[in-house]
2 protein chains.
Amino acid sequence: MSTHASIEKAGEKAGERRASRVTGALEALGRASLRMTPQRIAIVRAFVDDDGHPTAQQIFERLHRAMPTTSFATVYNTLAALERAGSCRTLRIAGATDDGTARFDPNVAPHDHAVCDRCGAVRDVPAPAQGEPAAPLDDGFEVRSVERVYRGLCERCRKGAHRRPPSRAR
Amino acid sequence: MSTHASIEKAGEKAGERRASRVTGALEALGRASLRMTPQRIAIVRAFVDDDGHPTAQQIFERLHRAMPTTSFATVYNTLAALERAGSCRTLRIAGATDDGTARFDPNVAPHDHAVCDRCGAVRDVPAPAQGEPAAPLDDGFEVRSVERVYRGLCERCRKGAHRRPPSRAR
DNA sequence: TTCGTAACCAAGAACGATTCTAAACATCGC
DNA sequence: GCGATGTTTAGAATCGTTCTTGGTTACGAA
């Protein structure tokens with residue numbers, strides 16, 4: 001279940017949140033009149049289970065252990081369906097991984113992201129407190145939402161316990 | 001920093017800024033002990049001349065008119081060289097164009113971006129005034145920089161004069 | 001000037017991520 | 001259970017990007 005080490009502490013709470021996210025996502029599928037299939041259930045489980053903003057590849061690998069016949073297209077299709085149903089967001093953060101690779105975020109509540117320059121980990125950050133009335137910009141641009149990406153070093157990497165260099169080479 | 005239609009007004013100024021960006025970028029190449037070649041000069045010109053955050057494809061097309069033998073690899077190589085020399089930034093903004101496509105920004109001063117949800121245009125936005133002392137996040141993440149992406153509608157699209165639908169299909 | 005070396009370029013192959021296609025299959029309302 | 005319709009599969013296709021190869025050019029030293 002848990003992903004990172006630090007999660008153990010929050011155990012119960014996180015467990016509950018996840019369970020509700022799983023049911024929430026499945027309900028959203030229903031609401032969007034999309035069918036409930038074993039593949040979709042499995043993908044929702046594997047996906048929602050991961051706060052680390054997995055790539056399609058990562059979700060596919062996890063899934064493949066349980067359902068070895070599942071195809072890549074199904075992962076993409078399901079994620080697209082979830083996104084349409086409002087239970088998933090696609091993230092593209094330059095420099096996080098190899099660049100240009102999509103990451104998927106099961107947390108659709110407004111929030112920001114912190115990206116570690118060294119290990120590439122992406123973490124959720126609560127959005128700044130205020131409702132931010134979002135005044136139009138000087139040139140008349142009507143702001144509907146603001147996304148922030150914090151770049152820097154995660155605590156682990158600051159302490160030298162980083163997983164691996166960011167590997168820019170292909 | 002003005003970008004589109006509004007630029008006419010700033011005519012002179014923009015011309016100067018561009019000229020200085022061109023020389024600045026070329027000097028930076030020199031400083032990084034990279035050679036000054038016709039291809040590079042042409043790419044710098046085509047690139048710096050465009051505040052619209054062009055893709056490699058767009059730069060290539062513009063270039064191709066002037067130097068029909070230039071290859072795609074040269075465009076990428078040169079942009080990478082410019083980036084190393086500190087005269088270019090790579091942007092990846094989900095939903096801006098086809099998604100996952102890199103855009104290149106000749107403006108390396110700290111600033112944010114506004115993306116129009118309808119026409120996909122990306123525009124520079126001056127970064128918020130304060131120096132933002134960048135306190136570490138709750139979990140010990142050391143913030144080194146913040147990037148903001150404003151999403152919404154540009155003035156043109158608000159007024160119904162949009163270029164084209166965002167075209168999510170490939 | 002002539003060489004040698006290193007940087008550069010063009011062309012196209014290779015690559016990885018994502019999407020499409022066609023046919024088989026499963027789901028759900030009846 | 002039946003059938004219409006939505007899904008899955010497997011693999012091919014596509015797109016953006018990078019790598020490779022082989023030839024070219026710039027430039028400092030002799």
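It should be emphasised that the depicted structure is a prediction, and the values quoted were computed from it without experimental measurement. First the proteins, then the strands, lettered A, B, ... as listed; each starts at 1.
- Here C/dA7 is the nucleotide among C/dA7, D/dA4, C/dC9 with the atom lying nearest to any side-chain atom of B/R35.
- Side-chain nitrogen and oxygen atoms of B/T101 include none within less than 4.0 Å of the OP1 or OP2 phosphate oxygen of D/dC15.
- The distance from atom CG of B/D112 to atom CZ of A/R148, rounded to the nearest 0.5 Å, is 9.5 Å.
- If you take CG of A/L79 and C1' of C/dT19, they are 14 Å apart, rounded to a whole angstrom.
- In this structure, CG of A/L91 is placed 17 Å from P of C/dA17, rounded to the nearest angstrom.
- Taking 4.0 angstrom as the limit, B/T74 places none of its side-chain polar atoms (N or O) nearer than this to OP1 or OP2 of C/dC9.
- The side chain of B/Q39 contributes an N or O atom lying less than 4.0 Å from OP1 or OP2 of C/dA10.
- Residue A/R40 places no side-chain atom within donor-acceptor reach of the base of D/dT7, judged by atom type and a 3.5 Å distance cut-off alone.
- When each of C/dA11, C/dT18, D/dA10 is scored by its nearest atom to the side-chain atoms of A/R92, the top-ranked nucleotide is C/dT18.
- When the C1' atom of C/dA17 is taken as reference, atom CG of A/N77 falls 15 Å away, rounded to whole Å.
- For the pair A/M36 CE and C/dG29 C1', the interatomic distance rounds to 16 Å; values are reported in whole Å.
- D/dT7 atom C1' lies 11 Å from atom CD1 of A/I43, rounded to whole Å.
- Rounded to whole angstrom, the span from the CD1 atom of B/I59 across to the P atom of D/dG16 amounts to 14 Å.
- Look at CG on B/L34: it is 10 Å from P on C/dC9, rounded to the nearest Å.
- The 5' end of DNA chain D is approached more closely, in terms of each residue's nearest nucleotide, by A/P68 than by the other of B/F72 and A/P68.
- Ion pairing between B/E155 and B/K159 holds under the 4.0 Å rule for side-chain N and carboxylate O.
- A salt bridge links B/R151 with A/E147: the distance from a Lys NZ or Arg NE/NH1/NH2 to an Asp or Glu carboxylate oxygen falls below 4.0 Å.
- Listed candidates were C/dA11, D/dA10, C/dA26. Nearest to the side chain of A/A73 is D/dA10.
- For the pair A/Q58 CD and C/dT18 P, the interatomic distance rounds to 11 Å; values are reported in whole Å.
- For the pair A/Q57 and C/dT18, the criterion of a side-chain N or O lying under 4.0 Å from OP1 or OP2 is not met.
- Between B/R123 and A/D139, at least one side-chain nitrogen of the basic residue sits less than 4.0 Å from a carboxylate oxygen of the acidic one, meeting the salt-bridge criterion.
- Taking the side chain of A/Y76 as heavy atoms from C-beta on, and the options D/dT17, C/dT18, C/dA10, the nearest nucleotide is C/dT18.
- The B/T37 side chain lies nearest to C/dC8 when the options are C/dA10, C/dC8, D/dT18.
- Taking the six-membered ring for Trp and thresholds of 30 and 60 degrees, A/F60 and A/H64 have ring planes inclined between 30 and 60 degrees apart.
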